[in-house]
Amino acid sequence: MILLQLVWALFYLINLSLRVQASALTTAIAANERLCFYADVDKEGEKIGFYFAVQSGGSFDIDFDIKDPNDKILLDGQRERQGDYVLTANTVGEYSFCFENDMSTLTAKLVDFDIMVESEPRREAPAKPGQISEHTSALEESVFRLNGMLMNIKRTQKHFHTRENRGFSIVKSTQNRLFWYAMLESMAVVGMAVLQVYVLQMFFTKTGRRYRV
């Protein structure tokens, strides 16, 4: 029985992995650029998961929209820093996920996103009535619970990864600003010293007059 339970658990894990298609990417979006990505849905009722987070650039915001195969806007947002959405696909075909960085004139944005297409797992009836049905239900619930826990861990990792990248970007920006401020301050001090020397030199070497100190 233990071997049979392990076989069923392995079967459902493989079934879940085959039913989920995910694509995790990181891309740079230049200023005034619109960039789109696409995912295919094979049948109606499939779940589409869409996650994104702006890692660096400007105010860490971006415009986005999701369209179905008929170019109907399912979801959109402006100046969003991050988002995690789940949609139900009612139309078979190619769905588009677009980012637009038109609010920036010079700054590029680094966006980390994940597109996942998942069909609902279906429980199959046992071969004979009463045969390992209780064990199958228990294994299914355990597998689904484990899958949910793994998804929560994945979301938490993405959250901390985003916070780390944003913190690093802010620190780097502040460091650059302090560097250029120190450079300008040093140049101002040197320029003031040169100007004072020049004024004193003109004061003591002015033609036509002599000054005794």
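Taking CZ from Phe64 and CG from Asn101, the interatomic distance works out to 14.5 Å, rounded to the nearest 0.5 Å. The distance from the SG atom of Cys98 to the OH atom of Tyr38 is 5.5 Å, given to the nearest 0.5 Å. Separating the SG atom in Cys36 from the CD atom in Glu100 is a distance of 8.5 Å, to the nearest 0.5 Å. Separation of atoms OG1 (Thr174) and CZ (Phe179) is listed at 15.0 Å; rounding is to 0.5 Å. With rounding to the nearest 0.5 angstrom, the CG atom of Leu25 is 8.5 Å from the CG atom of Asp114. Note: Asp65 CG to Gln78 CD = 10.0 Å, rounded to the nearest 0.5 Å.
More than 12 heavy atoms of other residues, nucleotides or ligands shown are found within 6.0 angstrom of CG on Leu184.
Side chain of Arg79 to main chain of Ser59: no donor-acceptor pair is present (N/O by atom type, distance under 3.5 Å, no hydrogens or angles). Asn176 places a side-chain N or O within 3.5 Å of a backbone atom of Lys172 that can act as its donor or acceptor partner. Looking at Asp68, its side chain does come within 3.5 Å of a backbone N or O of Asn70 through a donor-acceptor pair. Using modelled atom types, no side-chain atom of Lys43 and backbone atom of Val92 make a donor-acceptor pair closer than 3.5 Å.
Here the shortest heavy-atom pairing between Ala108 and Ala30 reads CB-CA, 4.0 Å. In terms of heavy-atom proximity, Asp102 sits nearest to Asn32 at O-OD1, 3.4 Å. The two residues Tyr95 and Asn90 have their closest heavy-atom pair at OH-N, 3.6 Å. Across all non-hydrogen atoms, the minimal contact from Leu35 to Ala28 is CD2-O, 4.4 Å. Here the shortest heavy-atom pairing between Gln55 and Asp112 reads NE2-CB, 3.2 Å. When all heavy atoms of Ala39 and Val117 are compared, the pair lying nearest together is CB-CG2, 4.1 Å.
Grouping the Ile, Leu, Val, Met, Phe, Trp and Tyr side chains by contacts below 4.5 angstrom, directly or via other members, places Val54 with Tyr85. No continuous path of hydrophobic side-chain contacts links Phe52 to Leu110 [ILVMFWY only; heavy atoms under 4.5 Å]. A single hydrophobic cluster is seen to contain both Leu75 and Phe50, as judged by linkage of ILVMFWY side chains at heavy-atom distances under 4.5 Å, directly or through other members.
Of the N and O atoms on the side chains of Lys47 and Thr88, at least one donor lies less than 3.5 Å from an acceptor on the other residue.
The residues Asp63 and Arg34 are annotated as not salt-bridged, no charged nitrogen and carboxylate oxygen being separated by less than 4.0 angstrom.
Under the 30°/60° scheme for interplanar angles, the aromatic rings of Phe99 and Phe37 are found to stand perpendicular.
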Inset, instruction - Give the C-alpha distance, both sets of side-chain angles, the deciding distance and a yes or no for side-chain contact (heavy atoms from CB on, under 4.5 Å) between Val41 and Ile48. - result: CA-CA 9 Å; Val41 174; Ile48 302 177; 3.8 Å; yes
Inset, instruction - Verify ring-ring contact (aromatic ring centres under 6.0 Å, His included) between Tyr51 and Phe113, making sure each step is shown before the conclusion. - result: CA-CA 5 Å; Tyr51 166 84; Phe113 68 96; 9.5 Å; no
Inset, instruction - Let me see the working for Lys109 and Asp61 under salt bridge (Lys or Arg N to Asp or Glu O under 4.0 Å), right down to the final yes or no. - result: CA-CA 8 Å; Lys109 304 291 179 65; Asp61 55 358; 3.1 Å; yes
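Looking at heavy atoms from C-beta onward, Thr26 lies out of side-chain contact with Val111 at the 4.5 angstrom threshold. For the pair Ile66/Leu87, a side-chain contact is recorded, criterion being any heavy-atom separation below 4.5 Å from C-beta on.
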